[in-house]
Amino acid sequence: MSSSPLIGRFEWLTRERAEHLAIVDDRESVSFELLGQRVRRVAAELRARGLSGRRVALLVTQGSRWVEAFLGIIAADAIAVPLSHLHPEAEQAWFVQTSRAATVVASAETRERVAGFAGGLPVVLVEALRESSIGPADIDTGARDVAVILYTSGTTGKPKGALISQGNLEATARLLGRAWQWSADDVLLHCLPLHHLHGLGIALLTALYAGSTTRMLEKFDGPRMWEEMARATVVMGVPTMHKKLLDAFDAAGPETQGRWAAHAARLRLVTSGSAALPTTVGERLRALTGRYPLERFGMTEIGVGATNPLDGDRVPGSCGPSLAGMQLRIVKEDGTDAAPGESGEIWIRGPSVFLGYDENPAATREAFSEGWFKSGDTAVFLEGDYVKIMGRTSVDILKSGGYKLSALEIEEVLREHEAVADVAVVGLPDETWGEVAVAAVIARPGRRSEVEGEALREWAKARIASYKVPKRVVVLDDFPRNPVGKVVKPELAKVLSQGA
Ligand code: MCA
Ligand code: AMP
C-alpha cells in the first residue's frame with residue numbers, strides 16, 4: 001500500500017469539517033481541527049524519537065487522548081499496539097515483549113501502571129506529546145502496511161497478534177459507512193473497549209471516517225448510557241451490554257424509565273455484534289427503539305463479513321447477508337459450498353481481511369485457503385443468503401460478554417498452580433454473558449482447599465485479565481475421557497451444567 005487511506009481521509013476531515021466535533025468525552029469536546037493539530041504534534045514527536053516503522057504500545061484512558069495517541073502513532077508511520085487496563089501486569093509485560101514495542105504511550109492516570117510493566121522501555125505521556133513544541137508534522141505520508149496489532153485468542157495457548165493495515169481499517173469504515181448510511185449528523189455513543197476491533201474499527205473509526213461525532217465513555221455503565229442516549233443517534237454494543245442496559249432499565253423507577261424510553265425511541269441505529277444476540281434481548285430492544293437491533297458478524301481478522309440491512313428485513317437470530325464489498329461463503333468439510341440449510345464453515349474474502357499473524361507464518365498459512373480466510377465459525381444460509389451462526393467449530397474457543405477466550409490459554413495458566421493436578425475449561429451457556437468459562441480441576445492429594453471456592457480464581461486474577469478467569473471452579477476426582485485418555489469436553493460440560 002502506498003498511501004495513507006485512513007489518515008488521508010482524516011486529514012481531509014480536519015480541513016473540511018474543521019469546526020465539527022469529532023470526540024466528546026467527560027473532560028473536553030474536540031473539533032476535527034483541534035484533533036488534527038494534536039495528532040500532527042503526537043506524530044512529529046514520535047518521528048523525532050525515531051519511532052517510524054516501530055511498534056508503539058498504548059495504555060491511555062479511553063477518550064480524546066486515546067484517539068490522539070492512536071492516530072498520532074499511525075500518522076507517524078509507526079504501528080499501534082493497544083493495551084487494556086483490564087490486564088494484570090504479567091499479561092501486559094507479555095504483550096509489550098511479544099509485540100516488540102519500542103515505546104509505551106501512557107496518560108497521566110496510567111503512567112504508574114505502565115512503568116510497572118514497561119520493562120525499561122521509554123514511557124511517554126500523550127499529554128506531553130500533544131503539546132509538543134516541535135511543530136506539527138505533515139501527517140499524510142506513505143503508510144506502512146501494518147497500522148495496528150490486535151491480540152486475539154485462538155486454539156493455541158497464547159493470543160496471536162493480528163496485523164491490520166490502514167487499508168483494512170479504511171475498508172471497514174467505508175463499507176460500513178455506506179451500508180449503515182453514516183453521516184456527519186450522527187453521534188455515536190461509544191463505550192466499547194478500544195483494544196478490540198469492535199470498539200476500535202467498527203465503532204470509533206467508522207464514525208470518525210464519516211465525519212460524525214463520537215461521545216466516548218471511559219467504560220460501559222448502563223445508567224449513564226441511558227442518559228447519554230438523549231444526545232446520540234447510534235449505539236453499538238455486544239449482546240451482554242444490551243442485556244445489562246435492559247437490566248438497568250428494569251431496575252429504574254417509572255419516571256426514569258419513561259425518560260430512558262424516550263431516548264431509545266429517538267435513536268437512528270442500534271447494532272449488536274461480537275457474539276450471538278439472544279432474540280429475547282433483541283425483541284425487548286425492538287419494543288423500546290421501534291426496530292429490531294441490527295445484528296452483524298465480524299472478526300478481528302476480517303472486519304465485518306455480514307450484516308442485516310439498515311432498511312429492509314432484519315432477521316432475528318441471523319447476521320444478514322454478506323456486507324457489500326465483502327465476499328462470504330459457507331464451505332462444507334469436503335470443500336464444496338453449502339446449499340441453504342446445510343452447515344459449513346464461514347470463509348471470507350475482501351479488502352478488510354487482515355495481513356496475517358505477527359511472526360507466525362504457519363498460523364497465517366493455516367488460516368487461509370486459496371485467499372479465503374477460514375473463520376472457524378459454523379453457519380448455515382437461511383433464505384435470501386442470510387447467515388445464521390451455529391457456533392464455533394472448536395470447543396476450546398469461548399465467547400464471554402463479547403471477549404473471545406481460549407480454554408487452552410486459561411488451562412495453561414491454571415495448571416501452573418501447585419495444587420492443580422489437572423484442569424479442563426469449558427464454556428457453559430449464560431443469560432448475561434452468553435457463555436461463561438467454568439474450570440474443572442483435579443486437585444493434588446490433600447490440597448483441595450487451595451483451589452476451591454475463590455482461592456484459585458483470586459490466584460488467577462494476578463496472572464490473567466479477570467474476564468478470562470473462570471466464573472466457577474469445580475473440583476472433580478476425574479474428567480470424562482475417551483479411550484486414549486483425552487478429556488471429552490462436551491461430556492464434561494454436561495457434568496458441570498448438572499452441578500450448576
Ligand atoms: C467483565 N467480566 C467478565 C467480562 N467482562 N467476565 C466474563 N466475560 C466478560 N466479557 C468480569 C469482571 O472482570 C468482573 O470479574 C465481573 O465480570 C463483573 O464485571 P462487570 O463490572 O459486571 O463487567 P462490566 O465492566 O460491566 O463489563 C461487561 C462488558 C465487558 C461491558 C460487557 O465485558 C465488555 O466491554 N465487553 C466487550 C468485549 C468486546 O468489545 N469484544 C469485541 C471483540 P470479578 O468480579 O471476578 O472481578 S472484537 C469482535 O468480536 C469482532 C470484531 C466483532 O464481531 O465485533
Ligand atoms: P474476535 O476474535 O474477538 O474478533 O471474535 C470474532 C468472533 O465473534 C467470530 O468468529 C464469531 O465467533 C463471533 N461473532 C461475531 N459476531 C457475531 C454474531 N453476530 N453472532 C455470533 N457470533 C459472532
Side-chain angles (χ1 to χ4, degrees), residues 62 84-88 150-155 159-160 162 164 168 172 176 190-204 217-222 224-225 236-245 247-248 271-278 282 293-308 316-320 323 345-346 348 352 354 367 373-379 387-394 397-406 410 427 430 432-438 454 457-458 460-461 464-472:
Q62 300 208 158
S84 156
H85 69 279
L86 298 171
H87 294 269
L150 296 181
Y151 282 88
T152 176
S153 294
T155 44
K160 294 189 290 254
I164 297 170
N168 295 150
T172 295
L176 288 181
H190 190 295
C191 63
L192 284 150
L194 289 166
H195 66 303
H196 282 303
L197 195 73
H198 192 166
L200 173 61
I202 299 169
L204 171 67
L217 302 186
E218 280 180 23
K219 61 186 280 292
F220 174 80
D221 174 333
R224 278 209 69 196
M225 288 283 290
M236 292 190 181
V238 300
T240 301
M241 288 176 178
H242 294 310
K243 170 75 171 68
K244 283 174 169 252
L245 276 175
D247 291 346
T271 73
S272 182
S274 304
L277 179 71
L294 183 155
E295 183 168 10
R296 55 52 181 191
F297 161 78
M299 209 173 172
T300 303
E301 290 91 334
I302 64 117
V304 169
T307 176
N308 273 286
S318 158
C319 295
L323 170 65
E345 186 183 19
I346 296 182
I348 300 279
S352 57
F354 78 141
F373 178 78
K374 301 184 284 181
S375 72
D377 288 295
T378 304
V387 176
K388 182 174 176 59
I389 296 175
M390 313 300 285
R392 295 289 307 183
T393 321
S394 164
I397 297 290
L398 284 61
K399 261 280 165 151
S400 178
Y403 285 120
K404 189 194 257 185
L405 308 182
S406 159
I410 301 170
D430 182 88
T432 297
W433 302 104
E435 238 180 340
V436 287
V438 177
E454 287 297 297
R457 276 173 36 80
E458 286 307 322
K461 277 185 194 169
I464 43 173
S466 64
Y467 63 79
K468 296 182 186 174
V469 174
K471 291 258 182 270
R472 206 152 54 89

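Counting starts at 1 for both ligands and their atoms, following the listed order.
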Examine the proximity of ligand 1 to [X] and report which part, side chain or backbone, both or neither, has a heavy atom under 4.0 Å away.
{"X": "H198", "answer": "both"}
{"X": "F220", "answer": "side chain"}
{"X": "M299", "answer": "backbone"}

Atoms of ligand 1, numbered as shown, that sit under 4.0 Å from any heavy atom of [X]:
{"X": "R457", "result": "46 (O)"}
{"X": "K471", "result": "2 (N), 3 (C), 6 (N), 7 (C), 11 (C), 17 (O)"}
{"X": "T300", "result": "52 (C)"}

If we only consider heavy atoms of [X], is any one of them less than 4.0 Å away from an atom in ligand 1?
{"X": "P193", "result": "yes"}
{"X": "K399", "result": "yes"}
{"X": "K461", "result": "yes"}

At less than 4.0 angstrom from any non-hydrogen atom of [X], what atoms of ligand 2 do you find?
{"X": "I389", "answer": "20 (N), 21 (C), 22 (N)"}
{"X": "E295", "answer": "18 (C), 19 (N), 20 (N)"}
{"X": "C319", "answer": "18 (C), 19 (N), 20 (N)"}
{"X": "T300", "answer": "1 (P), 2 (O), 3 (O), 4 (O)"}
{"X": "M299", "answer": "4 (O), 6 (C), 10 (O)"}

Tell me the protein heavy atom at minimum distance from [atom], and give that distance in Å.
{"atom": "atom 12 (O) of ligand 2", "answer": "D377 OD1, 2.5 Å"}
{"atom": "atom 33 (O) of ligand 1", "answer": "Y403 CE1, 3.5 Å"}
{"atom": "atom 26 (O) of ligand 1", "answer": "K244 NZ, 3.2 Å"}
{"atom": "atom 1 (C) of ligand 1", "answer": "W433 CH2, 3.7 Å"}
{"atom": "atom 8 (N) of ligand 1", "answer": "S400 OG, 2.7 Å"}
{"atom": "atom 32 (C) of ligand 1", "answer": "T240 CG2, 3.7 Å"}
{"atom": "atom 16 (N) of ligand 2", "answer": "S274 N, 3.1 Å"}
{"atom": "atom 41 (N) of ligand 1", "answer": "G402 O, 2.9 Å"}
{"atom": "atom 13 (O) of ligand 1", "answer": "S466 OG, 2.4 Å"}
{"atom": "atom 37 (C) of ligand 1", "answer": "G401 O, 3.4 Å"}

Without swapping roles, check the side chain of [X] against the backbone of [Y] for a donor-acceptor pair under 3.5 Å.
{"X": "E435", "Y": "K399", "result": "yes"}
{"X": "Q62", "Y": "L192", "result": "yes"}
{"X": "S406", "Y": "S153", "result": "no"}
{"X": "N308", "Y": "L294", "result": "no"}
{"X": "H190", "Y": "G199", "result": "yes"}

Next item on the list: Take atom 29 (C) of ligand 1 and look for protein heavy atoms under 4.0 Å from it; say yes if you find one, no if not.
Entry: no
Item checked: Aromatic ring pairing H195/Y403, orientation class (parallel under 30°, perpendicular over 60°, tilted between) -> tilted
Next item on the list: Ignoring hydrogens, just give me the one of S274, G305, A306 whose non-hydrogen atom is nearest atom 42 (C) of ligand 1.
Entry: S274
Margin query: Measuring from atom 7 (C) of ligand 2, which candidate in K399, R296, E301 has the nearest non-hydrogen atom?
Written below: K399
Check: For ligand 2, is there an atom lying under 4.0 Å from some heavy atom of L197?
Finding: no
Next item on the list: Kindly indicate whether the side chain of H87, heavy atoms from C-beta on, has any atom under 4.5 Å from the side chain of Y467.
Entry: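 Yes, at least one pair of side-chain atoms sits under 4.5 Å.
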Next item on the list: Could you tell me whether some N/O pair between G273 and ligand 1 is separated by less than 3.5 angstrom?
Entry: no
Notebook entry, point to check: How does R392 reach ligand 2, if at all, at less than 4.0 Å between non-hydrogen atoms: by side chain, backbone, both, or neither?
Noted result: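 The answer is the side chain of R392.
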Margin query: Is the contact between A275 and ligand 2 made by the side chain, the backbone, both, or neither, using heavy atoms and a 4.0 Å cut-off?
Written below: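 For A275, only backbone atoms sit under 4.0 Å from ligand 2.
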